[in-house]
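Take a look at the structure below.
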Number of protein chains: 2
Amino acid sequence: MGITERKEREKQEMRDKIIDAAISMFLEEGYEKTSIRNIAEKIEYSPATIYLYYKDKDELLYDVQKQAFGKLDDVFREKITAADPFERLEQICRTYVWFGINNPELYDLMFIIKAPMNAIDDNEWHNGDQALNALIGCVTECLSKQEIRFSDPRVAALSIWSMGHGLISLNIRCRIKEELIGDIDKEKMINKCINEYVQLIKK
Amino acid sequence: MGITERKEREKQEMRDKIIDAAISMFLEEGYEKTSIRNIAEKIEYSPATIYLYYKDKDELLYDVQKQAFGKLDDVFREKITAADPFERLEQICRTYVWFGINNPELYDLMFIIKAPMNAIDDNEWHNGDQALNALIGCVTECLSKQEIRFSDPRVAALSIWSMGHGLISLNIRCRIKEELIGDIDKEKMINKCINEYVQLIKK
DNA sequence: AAATTTACTGAACAGTGTTCATTTTTCAAA
DNA sequence: TTTGAAAAATGAACACTGTTCAGTAAATTT
């Protein structure tokens with residue numbers, strides 16, 4: 001029965017087509033201008049067609065978000081290489097923030113905007129699992145080697161993540177006034193904060 | 001010539017009416033459902049009338065944001081009372097996060113959504129000045145007394161703020177999985193993170 | 001070749017921010 | 001007190017948005 005499988009494959013290809021169009025539109029024009037109608041136009045289909053493959057926009061955005069997390073995972077695999085756990089923790093922090101600063105539209109979709117989370121009920125969200133597990137695994141190792149000044153791995157992971165997310169999201173949303181950073185540029189200032197934080201948590 | 005002054009006063013009263021309607025709508029229905037049309041209906045005017053007092057929605061949201069910051073400033077004045085700078089820093093952290101967790105819609109408008117920032121060109125934003133200055137003043141004092149493990153007040157202020165903002169905004173946007181916090185509730189976990197952070201930065 | 005299932009779309013609905021010609025109200029001068 | 005100009009308010013429209021659904025076109029089965 002190759003035909004039902006082909007149909008299934010074609011269905012997936014169409015979904016990919018939609019997601020690819022959406023993500024490229026995201027990167028080029030940003031979230032605000034990425035409408036169902038624009039995506040439909042880009043893939044040369046009617047807007048209504050998209051609703052044959054996705055129940056609503058939130059569900060579509062959830063899949064785009066998954067794609068975006070794939071990119072973060074790729075960067076993590078490439079950059080997080082150190083064997084020493086604390087060194088690796090430092091790599092995780094720096095890579096995460098680097099990704100956020102250099103991919104603001106993707107980061108927005110992954111961590112700032114609400115929309116994709118409407119598609120899924122609380123704690124069924126698995127898009128961020130891989131990156132989060134890398135962090136949890138790493139802090140757990142750091143803790144067992146007594147290399148960081150935390151007592152609980154979960155508190156450690158959430159704290160470190162929050163610090164990184166705070167820096168990125170305040171920057172993306174233009175809440176950091178130049179008065180607060182002095183003469184250097186914002187990215188340099190953010191890196192300074194990470195430097196200090198890494199020293200702060202080091203035992 | 002009391003008449004031009006009365007006109008000016010009436011103009012301001014109308015603006016206040018619009019902002020009050022907007023902010024109550026924000027608190028009751030959230031950002032998504034706060035439309036110009038809904039606000040107009042609430043104050044019993046035509047939508048077009050609002051455009052006689054505000055150039056566009058972003059400019060209106062900027063004023064609503066100002067109101068929200070006023071509420072934060074009130075809470076700060078009430079709760080930030082310690083004379084000792086480090087103790088005061090701890091109060092600032094806890095009060096800020098408390099405010100964010102308990103006023104998610106206001107916090108959203110102040111620090112997460114982009115919209116109100118479109119109304120103003122970068123670094124003309126003064127809505128957050130009072131709270132930020134409280135923080136900067138406090139860390140500067142802490143530094144001069146050598147009570148915190150930072151070398152630069154700006155790095156210290158941005159770091160502390162980012163930690164608080166990270167915790168609040170990840171929570172508001174439902175990015176914190178229960179898996180990461182264990183059995184206790186999210187607010188407790190967030191408080192644990194603050195406890196640890198306060199210990200971390202203490203010299 | 002006909003019938004049936006699948007894929008797709010045009011048109012509509014209800015909503016959004018925003019503009020503008022037109023009407024209503026206000027208020028000083030005749 | 002009536003008149004005329006200035007100010008305030010609005011109805012209707014424009015160009016969007018997400019979404020639905022009846023109807024058309026294509027593919028597959030009988």
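Here is the naming used below: chain letters follow the sequence lines, and residue numbers restart at 1 for every chain. Note: hydrogens, waters and symmetry copies are ignored here, and every other heavy atom, side chains too, is used.
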| field | Neighbours of DNA chain C within residues 21-35 of chain A, by heavy-atom distance under 4.0 Å | value | none

| Separation of A:R37 atom CZ from C:dG10 atom P, in whole Å? | 12 Å

| said: The test is side-chain hydrogen bond (donor to acceptor under 3.5 Å, both in side chains); show your working for B:D16 and B:Q12 and say whether it passes. | reply: CA-CA 6 Å; B:D16 289 344; B:Q12 191 52 51; 3.2 Å; yes

| task | Estimate the overall bend of the helix from C:dA1-D:dT30 to C:dA30-D:dT1 from the end axes over five pairs each, rounded to 10 degrees. | result | 30°

| task | Send over the distance from B:I36 CD1 to C:dT19 P, rounded to a whole Å. | result | 11 Å

| Protein-nucleotide distance (B:D58, atom CG; C:dT18, atom C1'), rounded to Å | 12 Å

| Out of A:Q199, A:K192, A:E196, which one pairs with B:S151 under the side chain to side chain donor-acceptor pair (under 3.5 Å) rule? | A:E196

| Within this structure, what is the NZ-to-C1' distance between A:K57 and D:dT19, rounded to whole angstrom? | 12 Å

| Whole angstrom value for the distance that separates P of D:dG18 from CG of A:D56 | 11 Å

| Does any non-hydrogen side-chain atom of B:P116 lie less than 4.5 Å from one of B:V64? | no

| request: Check the distance between D:dG18's C1' and A:L61's CG and give it to me in whole angstrom. | output: 12 Å

| Does any donor atom in the side chain of A:Y107 or A:Y96 lie under 3.5 Å from an acceptor atom in the other side chain? | yes

| B:E59: which of B:Y54, B:Y53, B:Y51 passes side-chain contact (heavy atoms from CB on, under 4.5 Å) | B:Y54

| query | In whole angstrom, what separates B:K55's NZ from C:dT19's C1'? | reply | 14 Å

| query | Using a cut-off of 4.0 Å on non-hydrogen atoms, how would the nucleic acid contact of B:N38 be classed: base, sugar-phosphate, or nothing? | reply | sugar-phosphate

| message | With a 4.0 Å cut-off on N to O distance, would you call A:K42 and A:E29 a salt bridge? | response | no

| message | Any residue in residues 43-53 of chain B with a heavy atom nearer than 4.0 angstrom to DNA chain D? Just list them by number, or reply none. | response | B:Y45, B:S46, B:A48, B:T49, B:L52, B:Y53

| request: Consider only side-chain N and O atoms of A:N191 and A:E187, and report whether a donor and an acceptor are under 3.5 Å apart. | output: no

| Side chain proximity check, A:Y45 to A:K17, heavy atoms < 4.5 angstrom | yes

| Is a salt bridge present between B:D108 and B:R173, judged by a nitrogen-to-oxygen distance below 4.0 Å? | yes

| Rounded distance in Å - CD1 (A:I39) to P (D:dT17) | 11 Å

| message | Would you say the rings of A:F111 and A:F69 are close, in the sense that their centroids are separated by under 6.0 Å? | response | yes

| note | Partner of A:L89 under side-chain contact (heavy atoms from CB on, under 4.5 Å), picked from A:I80, A:D84, A:I201, is A:I201

